[in-house]
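Input: a single structure, listed below in structure tokens.
Chain letters run A, B, ... following the sequence lines, proteins first, then strands; residues in each count from 1.
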Amino acid sequence: MDDRRILQAIFKKLLNAYGPRKWWPARTRFEVIVGAILTQNVSWRNAKLAVNSLKKARLLSPSAILVASHEEIAPLIKSSRFYNQKTEKLKAFCAYFMHNYNGSLDKMFSGDMESLRRELLGLKGVGKETADSILLYAGRKLSFVSDAYTKRFLKRYGLNYGSTSYEGIRSFFMKNLPKDLYLYNEYHALIVHHGNAVCRAKPDCNGCPISHLSRKIFCSHYYGSK
DNA sequence: GTCCAGGGCCTAC
DNA sequence: GTAGGCCATGGA
């Protein structure tokens, strides 16, 4: 089987086993962006607590975040860890967003995807994973999200012998998957779910829905090799 | 008590 | 280009 077929077969098995993950769990596109920043290196549970605190304080809008002081925002997002840095990241994004797009998500996402990606990457606090999450889950753009889970996933199942850098992994998926938003959306979410909830809970691979598809049967605990 | 989550920045080499 | 320190919560 070539890479395309393997990726499709794995997706079908994951989707069948776990069902649609329905990402991103947010009510609005702006909430997706805030969540993407707040979930950096912290569990989604803790990030969500912070999002809800902002919402409760009526600070879940670009203009409100821009006007509010650091001292107002930071305590509200304490649960998301690194709250001082994340306060500045949120304010930096909102300043950029209001200044360049007048607070219009439609306007921001209307142009060329790769140039918007470069723009987002130029912002303080927006790295590759966050930029791609924003593009895919808030902008519905065909930008595949890679991360540490994806890297371990490919290693474990013996895929992608090429570059294992972030960009290498991203383009591996984008080259070998049909250009389908639903597929991009669910694939990343399923990899995270599989690595997080299942492989970590059952390190012996008992019940793993895709180990039989692996080129390199490697069922020891893949979290041992970050 | 330890470990680690849906990272990114900065600096040193 | 990459390795390491930093940021500094909350649940298991």
**Request:** Using a 4.0 Å heavy-atom cut-off across all strands, classify A:Q85 as base, sugar-phosphate, or nothing.
**Result:** base

**Asked** Counting only heavy atoms not in A:K78, do more than 12 fall under 6.0 Å of its NZ?
**Response** no

**Flag if over 12 foreign heavy atoms under 6.0 Å of NZ, A:K141** = yes

**Asked** Rounded to the nearest 0.5 Å, how far does CE of A:M174 lie from OH of A:Y184?
**Response** 4.5 Å

**Asked** Quick one: does NZ or CZ of A:R152 land under 6.0 Å from the six-membered ring centre of A:Y149, within 45 degrees of the ring axis?
**Response** yes

**Message:** Please report the distance, rounded to the nearest Å, between NE2 in A:H188 and P in B:dG6.
**Reply:** 10 Å

**Message:** Using a 3.5 Å distance criterion without hydrogens, assess whether the side chain of A:E129 forms a donor-acceptor pair with backbone atoms of A:V145.
**Reply:** no

**Message:** Classify A:L123 by what it touches in the nucleic acid, base, sugar-phosphate, or nothing, heavy-atom distance under 4.0 Å.
**Reply:** sugar-phosphate

**Asked** Does the pair A:K55/A:E31 count as a salt bridge with the N-to-O cut at 4.0 Å?
**Response** yes

**Message:** Rounding to an integer number of Å, can you tell me how far A:I37 CD1 sits from B:dC9 C1'?
**Reply:** 14 Å

**Request:** Please confirm whether A:W23 and A:W44 have ring centers closer than 6.0 angstrom.
**Result:** no

**Request:** Give one of base, sugar-phosphate or nothing for A:K124, where a contact means two heavy atoms less than 4.0 Å apart.
**Result:** sugar-phosphate

**Request:** Considering only heavy atoms of chain A and a distance under 4.0 Å, specify the first and last nucleotide of DNA chain C in 5' to 3' order that meet this criterion.
**Result:** C:dC7 to C:dG11

**Request:** Check the distance between B:dG7's P and A:I169's CD1 and give it to me in whole angstrom.
**Result:** 14 Å

**Message:** In whole Å, I'd like the distance from the CZ atom of A:F82 to the P atom of B:dG7.
**Reply:** 10 Å

**Prompt:** Which comes earlier along DNA chain B counting from the 5' end, the contact point of A:L121 or that of A:W23, where each point is its nearest nucleotide?
**Reply:** A:W23

**Request:** Write down the distance between CG (A:N185) and C1' (B:dG6), rounded to a whole number of angstrom.
**Result:** 13 Å

**Prompt:** Base, sugar-phosphate, or nothing for A:V126, non-hydrogen atoms under 4.0 angstrom?
**Reply:** sugar-phosphate

**Asked** If we take the P atom in both C:dG4 and B:dG6, what is their distance in whole Å?
**Response** 24 Å

**Message:** Over all strands shown, is A:N46 touching base, sugar-phosphate only, or nothing at heavy-atom distances under 4.0 angstrom?
**Reply:** base

**Asked** Between A:S165 and A:R45, which has a closest nucleotide on DNA chain C that is more 5'?
**Response** A:S165

**Request:** Could you check how far CH2 of A:W24 sits from C1' of B:dG6, rounded to whole Å?
**Result:** 6 Å

**Prompt:** Roughly, in whole Å, what's the span from NE2 in A:H193 to P in B:dA5?
**Reply:** 16 Å

**Prompt:** Roughly, in whole Å, what's the span from CG in A:L90 to P in B:dG8?
**Reply:** 14 Å

